[in-house]
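As the structure lists them, so they are numbered: ligands from 1, and atoms in each ligand from 1.
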Amino acid sequence: MSEPEASGKGAVRTALTELLGIRYPVVQAAMGYVSGPRLAAAVSDAGGLGLIASATMSLAELEKAIDDTAGRTPRPFGVNLRADASDAAERVRLIVTRRVPIASFAQAPKPELIAALKDAGVVTIASVGARRHAEKAAGWGIDAVIATGAEGGGHVGAVPTSLLVPQVAAAVDIPVIAAGGFFDGRGLVAALAWGAAGIAMGTRFLLTSDSPVADAVKQVYLAAGLDGTVVTTRVDGVPHRVIRTTMVDRLEGRGRTGGAGRTGGAGRTGGAGGLATLVRSARNAAAFRGLSGMGWREMLRQGREMRRGSGLSWGQVLMAANTPVLLRAAMVDGRTDLGLMSSGQVAGLISDLPSCAELIEAIMAEAATTLDRLEGVRKA
Ligand SMILES: Cc1cc2nc3c(=O)[nH]c(=O)nc-3n(C[C@H](O)[C@H](O)[C@H](O)COP(=O)(O)O)c2cc1C
């Protein structure tokens with residue numbers, strides 16, 4: 001990580017830019033099937049930090065993605081991985097041997113993986129949705145945390161960004177990256193004011209011209225209002241914020257007339273409810289298997305991995321096994337009718353598809369004018 005990247009004209013200095021050797025305190029959050037080499041490299045090349053989402057890649061695909069990204073940008077980028085993947089140790093070895101400078105964990109990290117990465121000089125980042133998770137990861141030696149509030153896309157906790165970030169920033173001594181609902185320079189300044197050292201954005205980077213997602217899918221996000229997402233537990237048993245579509249409403253067991261918002265129904269349902277879930281899940285699994293080209297055995301293997309220790313019902317396990325297939329149907333195959341579209345509430349405030357470079361420059365310019373405006377308030 002070369003020093004000049006983090007400094008120079010227009011660069012911003014925070015504990016995060018110093019730690020990562022990047023120009024701007026803007027991170028592209030990992031997004032399965034979305035943040036591959038093209039998007040990650042575009043963000044890193046624009047002075048932020050791009051993260052390759054590897055949970056939806058095989059080891060061989062990850063190796064290729066790392067080489068591809070390194071070929072696209074000389075700047076630092078990272079790999080996001082799941083510590084509970086059966087081949088997590090091999091992925092860590094790959095990150096080390098390929099000299100990827102940064103590794104981030106989706107969900108809970110493991111102390112031995114953090115140690116292996118740090119011993120090799122890799123900077124480590126953990127994703128957290130609660131203060132105690134940040135404290136635990138900090139105790140294991142993690143270098144930074146991404147604190148994601150409830151308005152974020154994908155798997156989310158219950159605490160909003162405006163409360164989680166100041167709480168986490170006060171609790172740990174390492175750089176905190178604020179996530180969930182960010183899209184502009186005002187948000188970056190707000191995050192810094194809460195004690196964060198930068199921001200991470202998923203949905204905003206999905207909605208760029210550098211994102212590989214099909215235009216039809218991007219149009220669905222652009223058309224969404226602030227009430228256009230819903231947190232459902234019916235997909236894989238844990239709260240997951242997605243664009244509210246007819247299919248999601250069907251999973252939720254209701255028509256399109258109900259209001260958007262957090263929904264429950266994830267319990268170990270028995271009786272008619274449990275059977276209905278199982279039948280619905282099996283029907284979905286059958287429908288989507290063809291789209292993915294994934295065999296039943298692989299789908300069930302993925303489901304079993306998710307089930308381990310999670311207390312999901314069999315119906316939910318089948319849905320969990322479907323999750324990658326459902327996400328892939330939208331993000332890779334462009335099937336807005338069948339696929340699942342993880343999205344932050346912020347989709348409701350986004351109406352354009354800039355390049356990553358244009359976006360990051362606009363955010364930094366707006367952050368500067370916002371700081372000037374606030375200075376005016378102080379002087380008044
Ligand atoms: C389309 C999409 C896919 C995502 N996939 C993943 C993933 O594979 N792993 C992960 O840890 N988080 C995933 N997330 C969550 C993001 O990393 C991040 O927490 C979230 O996007 C932040 O909120 P925002 O969308 O409001 O910026 C995904 C989010 C989106 C929108």
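Checking Arg241 against Thr229 by side-chain atom types alone, a donor-acceptor pair falls below 3.5 Å. No side-chain donor from either of Gln107 and Ser127 sits under 3.5 Å from a side-chain acceptor of the other. Side-chain polar atoms of His240 and Ser342 form a donor-acceptor pair below 3.5 angstrom. Side-chain contact check for Asn80 and Ser104: at least one donor-acceptor pair (N or O, by modelled atom type) lies under 3.5 Å.
Contacts with ligand 1 closer than 4.0 Å are made by side-chain heavy atoms of Leu206 only, the backbone lying farther away. Residue-level proximity to ligand 1 for Thr203 is carried by backbone and side chain together, each with a heavy atom below 4.0 angstrom.
Listed for the Lys218 side chain is a donor-acceptor partner under 3.5 Å among the backbone atoms of Ser211. Here the side chain of Glu151 pairs no donor or acceptor atom with the backbone of Gln345 at under 3.5 angstrom. Formation of a donor-acceptor pair under 3.5 Å by the Ser343 side chain with backbone atoms of Ile243 is not found in this model.
Closest protein heavy atom to atom 1 (C) of ligand 1: Ser342 O, 3.3 Å. Summary of contacts: the protein heavy atom closest to atom 18 (C) of ligand 1 is Ala29 CB, 3.6 Å. Closest protein heavy atom to atom 26 (O) of ligand 1: Gly181 N, 2.8 Å. Taking atom 27 (O) of ligand 1 as the reference point, the nearest protein heavy-atom neighbour is Gly202 N, 2.8 Å. Considering only non-hydrogen protein atoms, atom 11 (O) of ligand 1 sits nearest to Ala106 CB, 3.1 Å. Of the protein's heavy atoms, Met31 CA, 3.4 Å lies nearest to atom 4 (C) of ligand 1.
Note that CZ of Phe77 and OG1 of Thr69 are 5.0 Å apart. Values are rounded to the nearest 0.5 Å.
Each of the following atoms of ligand 1 lies closer than 4.0 Å to a heavy atom of Met201: 27 (O). With ligand atoms numbered from 1 in the order given, ligand 1 contributes 3 (C), 4 (C), 5 (N), 6 (C), 7 (C), 8 (O) to contacts under 4.0 Å with heavy atoms of Gly32. Atoms of ligand 1 lying under 4.0 Å from at least one heavy atom of Thr148, given by number and element, are 19 (O).
Ion pairing between a basic and an acidic side chain is recognised when a charged N comes within 4.0 Å of a carboxylate O; Asp68 and Arg72 show such pairing.
If you check each of Ala30, Gly153, Ser54, Gly180 against atom 10 (C) of ligand 1, the one with the closest non-hydrogen atom is Ala30.
Residue contacts with ligand 1: Val346 is placed with no nitrogen or oxygen under 3.5 Å of a nitrogen or oxygen of the ligand (distance criterion only).
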